[in-house]
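Notes follow the structure.
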Amino acid sequence: MSERHSGATPLNEVVLADCSACPHRALLAEGKCEPGDVCLIAQSGRQIDRFLRRNPQFAQECLHDPFWERRAIATRYAPLDALRQMPRDRDEVVRRVVASRLPIGELDVYLRDEDREVRMTVANRIAPERLGELIGDDDYLVRLTAAKRLPHGQLPRMAHDPEREVRKEVARRLPPFALQFMAQDADAEVRCIVAERMLPEDAVQMLHDEDWLVRLQAAQSAPLEAIAELVDDAESDVRAAVRRRLGGFLLGDE
């Protein structure tokens, strides 16, 4: 169960801790901490981060601290060996930091994490050939992250994803010669990307699309002999694009 993050301090609030209760108060005389600015025991993420950036040797001892933000920040600075020995933290923010720091080969335990941003962190880092394990993730943002890095050979597996944004990313990344099977996508935004990127001879099939923006994209790449039939298209922008491309092949203008 994740912790509630109400303990995080507002950015404009200055938090002063009681230095007399701090086990590291000797550092004050050495200029290694500053009340209200560089402090490990304050309930302030900014102050904790500044302290551990200046004194990273104290990070490991904070990995089991009750305050989630102190643990999360300590995870940024603690040695990797210490992170490997940590139990899986109950807080998703801490787990995200761990997932961002562990070597790529040690991320398996986070592939099915309950927090989508942890899984997105993993999707951004694991070897591309492992991304297939996230193609069926329940959260579309995880699938979208995977689609951005998935090897081209596996992209067709995501061409029928239920989320439009995922299919749009697939359409942006598939090689032009492989876009034909996405020409009938249910969403016009996907078909627009397909019509814009597919091979000219394949774009012919998009010239009669029900959406004028798709026809417009197709008209700008299909062969000249195929687009002449759109010179009288119902949409003025399509007609104009066709006439511009045909140029001197047509007499007259609108």
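Just so we're clear, the structure is a prediction, and the values are computed from it rather than from any experiment.
- In terms of hydrophobic clustering, with Ile, Leu, Val, Met, Phe, Trp and Tyr side chains grouped at heavy-atom distances under 4.5 Å, Val98 and Ile48 are assigned to different clusters.
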Checklist line | Trace of the side chain to side chain donor-acceptor pair (under 3.5 Å) decision for Gln184 with Arg191 | finding: CA-CA 7 Å; Gln184 304 303 319; Arg191 299 198 305 276; over 6 Å; no

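- Using modelled atom types, no side-chain atom of Arg239 and backbone atom of Asp232 make a donor-acceptor pair closer than 3.5 Å.
- At a threshold of 4.5 Å between side-chain heavy atoms, the hydrophobic network of Ile, Leu, Val, Met, Phe, Trp and Tyr places Met182 and Tyr140 in one connected group.
- Judged as a side chain to side chain contact (heavy atoms under 4.5 Å, CB included), and not counting sequence neighbours, the contacts of Arg88 are Arg95, Val109, Tyr110, Asp113, Glu114.
- At least one donor-acceptor pair under 3.5 Å links the side chain of Asn55 to the backbone N or O of Phe51.
- Distance alone, capped at 3.5 Å, is enough to place a donor-acceptor pair between the Arg197 side chain and the Leu174 backbone.
- Using a 4.0 Å cut-off between charged side-chain N and carboxylate O, Arg71 and Asp91 make no salt bridge.
- Formation of a donor-acceptor pair under 3.5 Å by the Arg76 side chain with backbone atoms of Leu52 is not found in this model.
- In this structure, Arg96 contributes its side chain and Thr121 its backbone to no donor-acceptor pair below 3.5 Å.
- No donor-acceptor pair under 3.5 Å is formed between the side chain of Arg101 and the backbone N or O of Pro79.
- Residues satisfying the salt bridge (Lys or Arg N to Asp or Glu O under 4.0 Å) criterion with Arg116, sequence neighbours excluded, are Asp139.
- Tested against Glu34 for a salt bridge (Lys or Arg N to Asp or Glu O under 4.0 Å), the candidates Arg46, Arg54, Arg50 yield a single pass: Arg54.
- Take Glu106 and apply the salt bridge (Lys or Arg N to Asp or Glu O under 4.0 Å) test, not counting sequence neighbours, and it matches Arg84.
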Would you be so kind as to tabulate the donor-acceptor pairs closer than 3.5 Å made by side chains of residues 154-162, with sequence neighbours excluded?
from: Gln154; atom 1: OE1; to: Arg157; atom 2: NH1; distance (Å): 3.1
from: Asp161; atom 1: OD1; to: Arg143; atom 2: NE; distance (Å): 3.4
from: Asp161; atom 1: OD1; to: Arg143; atom 2: NH2; distance (Å): 3.0
from: Asp161; atom 1: OD1; to: Glu163; atom 2: N; distance (Å): 2.8
from: Asp161; atom 1: OD2; to: Arg143; atom 2: NE; distance (Å): 2.6

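- Both Leu107 and Val94 belong to a common hydrophobic cluster when Ile, Leu, Val, Met, Phe, Trp and Tyr are linked at side-chain heavy-atom distances under 4.5 angstrom.
- By the side chain to side chain donor-acceptor pair (under 3.5 Å) test, Asp187 pairs with no residue at all, sequence neighbours left out.
- Side-chain N or O atoms of Arg70 include none that pairs as donor or acceptor with a backbone N or O of Cys62 at under 3.5 Å.
- Residues passing the side chain to side chain donor-acceptor pair (under 3.5 Å) test with Glu235: none are found, sequence neighbours excluded.
- Phe58 and Ile41 are members of different hydrophobic clusters when ILVMFWY side chains are connected at heavy-atom separations under 4.5 Å.
- The CG atom of Leu83 sits 6.0 Å away from the OG1 atom of Thr75 when rounded to the nearest 0.5 Å.
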